[in-house]
Amino acid sequence: MTAPSTGPRLAIISNHLSTQNKADGAWLLDIIAGHAWVRHYVIDQIADIPVILRDCATAGIETLAIDGGDGTAGLVFSGLLNDGPYTTLPALALLPSGKTNMTAAAWSLTGDRREALAALLVHCGEGTLPRTQHTQAILTLYHGSAPPKHGAFFGGADVVDGILYCRRKIYPLGWPNTLSHSAAVCLLLWRALKSGPQGGTVRVTTEDGGWSEDGRFFVVMATTMDKMLLGMRAHPSGGAGPMNYISLRPGAIPVLSTFAGLLRRRFKATKHRTVRRTESVSFSFDGTYTLDGEIYETNTDTPIRLDSSQTLTFVRW
């Protein structure tokens with residue numbers, strides 16, 4: 001395939017620290033061989049990202065393929081939006097190369113990553129890539145004086161401790177992603193049943209009419225994805241905006257009702273579970289939280305604010 005005479009120019013950013021690339025970091029080299037118009041960058045450390053993005057902007061790259069997982073995608077989002085290397089932001093094609101690839105599954109490319117990359121090259125060569133693009137609201141997280149972070153999924157309260165446990169105990173077993181994620185979710189809910197009605201204390205405030213809730217929660221989460229882990233979908237009962245806010249109270253009844261929802265792959269509001277839409281939401285609590293799988297600390301003196309007003313363009317078919 002020759003360089004496209006019209007349409008987007010392509011760069012691939014590979015994170016060799018992502019789960020699948022640790023096992024096979026050279027998986028794409030034979031696919032892009034002979035495509036001299038494709039630039040390939042490798043991330044060896046986080047500090048590489050701003051440098052790579054500035055080089056892509058200078059070269060006029062119009063499409064970036066991100067070869068990594070959810071965390072890698074979020075880091076590139078932040079590099080594009082915080083550092084401003086581009087006047088007009090590029091389209092993003094997310095290749096599923098991490099342990100969790102919720103963002104790619106919801107917004108971009110799914111299935112076999114070799115097939116996805118091969119199809120991306122065909123679209124670039126034929127000039128048909130613009131037809132595959134869509135705009136998506138993303139999360140922007142503000143926390144104290146730190147630079148904003150950008151991503152797709154926020155989670156807090158006791159569930160984060162469970163996520164860390166699953167990383168240490170389940171993921172090292174090397175099971176397929178679907179089996180690992182199913183086991184992880186079931187284990188989290190089982191641990192919640194065994195531990196009883198505990199839960200972390202959280203105060204939540206949204207800007208849609210001053211709605212708020214507080215108390216003890218097993219999980220609070222927010223996302224601009226319509227489809228989450230294991231194909232779960234939110235079914236909001238109120239509010240407006242591109243962000244889904246979901247909370248689950250601790251205890252046997254809320255957790256058992258969530259098991260039933262998992263079987264139907266949907267989150268609906270109940271007496272013990274809130275599911276609503278909003279444009280922004282603020283959290284105040286002591287403990288850990290996650291943004292796209294990365295773990296951070298917070299406390300009640302430094303509330304977290306999530307906003308969904310910024311957008312990025314993604315490739316999907």
Can a donor-acceptor pair be found, under 3.5 Å and without considering hydrogens, that links the side chain of H123 to the backbone of L121? no
Any side-chain heavy atom of R39 sitting closer than 4.5 Å to one from L10? no
Determine yes or no for a side-chain-to-main-chain donor-acceptor pair under 3.5 angstrom, with T224 supplying the side chain and A137 the backbone. yes
I'd like to know if the side chain of Y86 reaches the main chain of I61, judged simply by a donor and an acceptor atom lying under 3.5 Å from each other, with no hydrogens or angles considered. yes
When the ring centroid of Y289 is compared with that of F283, is the distance short of 6.0 Å? no
Working to the nearest 0.5 Å, report the span between CG of L75 and CG of L291. 9.5 Å
Cation-aromatic face contact K149/Y296, 6.0 Å, 45 degrees: yes
Looking at the rings of Y245 and F153, which for Trp means the six-membered one, are their centres under 6.0 Å apart? no
Taking atom types as modelled, is there a side-chain donor on Q136 or T311 under 3.5 Å from an acceptor on the other? no
Hey, what's the ring geometry for H134 with F314, parallel, tilted or perpendicular (30° and 60° as the breaks)? tilted
V42 vs I13, side chain to side chain contact (heavy atoms under 4.5 Å, CB included): CA-CA, chis, key distance, verdict: CA-CA 6 Å; V42 174; I13 302 176; over 6 Å; no
Keeping D112 on the side-chain end and E115 on the backbone end, is there a donor-acceptor pair under 3.5 Å? yes
Criterion side chain to side chain donor-acceptor pair (under 3.5 Å) on S78 and H150, from CA distance to verdict: CA-CA 5 Å; S78 295; H150 303 272; 4.7 Å; no
Hey, is the main chain of V281 close enough, under 3.5 Å, to the side chain of T278 for a donor-acceptor pair? no
Is the backbone of A152 close enough, under 3.5 Å, to the side chain of D292 for a donor and an acceptor to pair up by distance? yes
Cut-off 3.5 Å, side chains only: do H143 and T302 have a donor facing an acceptor? no
T19 side chain vs G98 backbone, donor-acceptor pair below 3.5 Å: no
Is the closest side-chain heavy-atom distance between P303 and F285 below 4.5 Å? no
Does the side chain of E279 pick up a donor-acceptor pair with the side chain of S309 at under 3.5 Å? no
d(S280 OG, Y142 OH) to nearest 0.5 Å is 10.0 Å
Spell out, yes or no, whether W37 and I12 are grouped together once hydrophobic residues are joined by side-chain heavy atoms under 4.5 Å, including indirect joins. yes
Full working for side chain to side chain donor-acceptor pair (under 3.5 Å) between R233 and N244: CA-CA 10 Å; R233 294 180 180 272; N244 288 311; over 6 Å; no
Side-chain donor-acceptor pair under 3.5 Å between T201 and R216, yes or no? yes
Grab the two heavy atoms, one from K268 and one from V275, that are nearest each other, plus how far apart they are. C-CG2, 3.6 Å
So does R54 pair up with D48, basic N to acidic O under 4.0 Å? no
For the side chain of T132 and the backbone of V315, is there at least one donor-acceptor N/O pair under 3.5 Å apart? no
Polar side chain donor-acceptor pair, D67 to H40, under 3.5 angstrom: no
Is the shortest side-chain heavy-atom distance between T274 and I246 below 4.5 Å? no
Salt bridge flag under 4.0 Å for residues D70 and K99: no
Do S18 and N21 have side-chain atoms, one donor and one acceptor, less than 3.5 Å apart? yes
Short side-chain donor-acceptor distance under 3.5 Å, S97 and R113: yes
Look at R114 together with D30 and state whether they make a salt bridge at an N to O cut-off of under 4.0 Å. yes
Any donor-acceptor pair under 3.5 Å from S14 side chain to H16 backbone: no
